[in-house]
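In what follows, a single structure is set out as structure tokens and then discussed.
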Number of protein chains: 2
Amino acid sequence: MPKKKKHSCKEQKSSAGFRGRIWIDGSEGTFLGYGRIVLLERIREYGSITKAAKSMEMSYRHAWELVDSINRQSGKPIVEAVTGGRGGGGTRLTEEGEKAIKLFWKFHADFQDFLKSEEKKL
Amino acid sequence: MPKKKKHSCKEQKSSAGFRGRIWIDGSEGTFLGYGRIVLLERIREYGSITKAAKSMEMSYRHAWELVDSINRQSGKPIVEAVTGGRGGGGTRLTEEGEKAIKLFWKFHADFQDFLKSEEKKL
DNA sequence: GGACGTAATATACAACAGGGAATAACGAAA
DNA sequence: TTTCGTTATTCCCTGTTGTATATTACGTCC
């Protein structure tokens with residue numbers, strides 16, 4: 001499992017001076033943000049919270065808390081964990097999770113466009 | 001000096017699920033954000049970092065560091081401090097500071113519109 | 001039944017941001 | 001010269017946040 005580039009705020013940064021961050025809120029505050037989305041994608045890729053966390057240089061505990069927060073705030077489960085069994089189990093994304101990721105990236109892309117348009121106004 | 005409402009993230013929150021925060025970047029990272037702008041406006045109102053900080057329930061130390069960061073990253077000074085003298089001195093906004101505040105609020109208003117339009121797309 | 005690797009959970013530890021308090025410097029006004 | 005309230009600066013303390021570590025639970029495969 002190769003280590004992937006750690007998420008940093010710079011990935012949110014536009015070329016010029018205007019910057020920002022977006023989230024989708026839930027009942028407990030943040031429901032989905034950039035970091036959580038990356039985590040979900042890594043879980044999809046590795047099928048394991050443990051491996052996903054390691055690939056982001058994030059502690060398992062933190063990753064698990066994020067996943068738990070996401071699931072608690074979603075009507076339908078976003079990720080489903082299997083414990084025990086061959087390989088010890090694992091975690092997979094639900095169809096609802098895929099839809100949530102798509103929704104966030106659309107929001108994110110629109111926001112990048114917004115930042116660009118703001119900078120053009122200068 | 002009456003205590004004013006402390007800034008909280010909720011002031012950034014839109015009615016529905018889409019939320020976000022914006023900043024204007026400088027050479028050291030954040031140059032102007034929501035909290036810094038409120039601080040500048042309080043300084044304009046009170047003519048004093050001490051009073052401005054108290055009105056926001058922010059420590060003087062923190063307020064001074066923010067002001068210092070703002071001035072360091074701006075070509076022209078944003079706030080000018082006078083030390084000593086009757087009343088101990090004070091701090092006032094420069095014309096450049098006024099322009100910076102206007103610029104940020106415009107950016108902020110555009111962003112609020114953006115959030116609203118995103119929510120309408122749902 | 002034992003091994004394996006993961007989820008789930010608790011506890012202790014480290015790092016850091018920010019708060020609070022203390023102090024010196026400052027300079028006009030009385 | 002003394003007074004005054006502010007700026008500027010330092011030091012210590014605390015709360016929070018996340019890390020590291022250890023332990024238990026789990027279920028399939030050998």
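In what follows, chains are A, B, ... by sequence order, proteins preceding strands, each numbered from 1.
You'll find that the side chain of B/Thr83 is closest to C/dC26, out of C/dA7, C/dA12, C/dC26. When each of C/dT11, C/dA8, C/dT6 is scored by its nearest atom to the side-chain atoms of A/Ser48, the top-ranked nucleotide is C/dT6. In the set D/dT7, C/dT6, C/dA7, C/dT6 carries the atom at the smallest distance from any side-chain atom of A/Lys51.
Comparing A/Met58 and A/Gly85 against DNA chain D, the residue whose closest nucleotide sits nearer the 5' end is A/Met58.
Across the protein-nucleic acid pair, A/Lys54 atom NZ and D/dG18 atom C1' stand 17 Å apart, rounded to whole Å.
Checking the phosphate oxygens (OP1, OP2) of C/dA7, a side-chain nitrogen or oxygen of A/Thr91 falls inside 4.0 Å. Between B/Thr50 and D/dT7 there is a side-chain N or O to OP1 or OP2 distance below 4.0 Å. Applying the 4.0 Å criterion to OP1 and OP2 of D/dT19, one finds that A/Ser59 has a side-chain N or O inside that range.
Between A/Arg72 and A/Ser27, the side chains place no donor N or O within less than 3.5 Å of an acceptor N or O (distance only, hydrogens not considered). Residues B/Ser69 and B/Gln73 have side chains that bring a donor and an acceptor to within less than 3.5 angstrom of each other.
Within the 4.5 Å cutoff, side-chain heavy atoms of B/Phe31 are placed close to those of B/Ile24.
For B/Trp23 and B/Phe104, the ring centers are positioned 6.0 Å apart or more.
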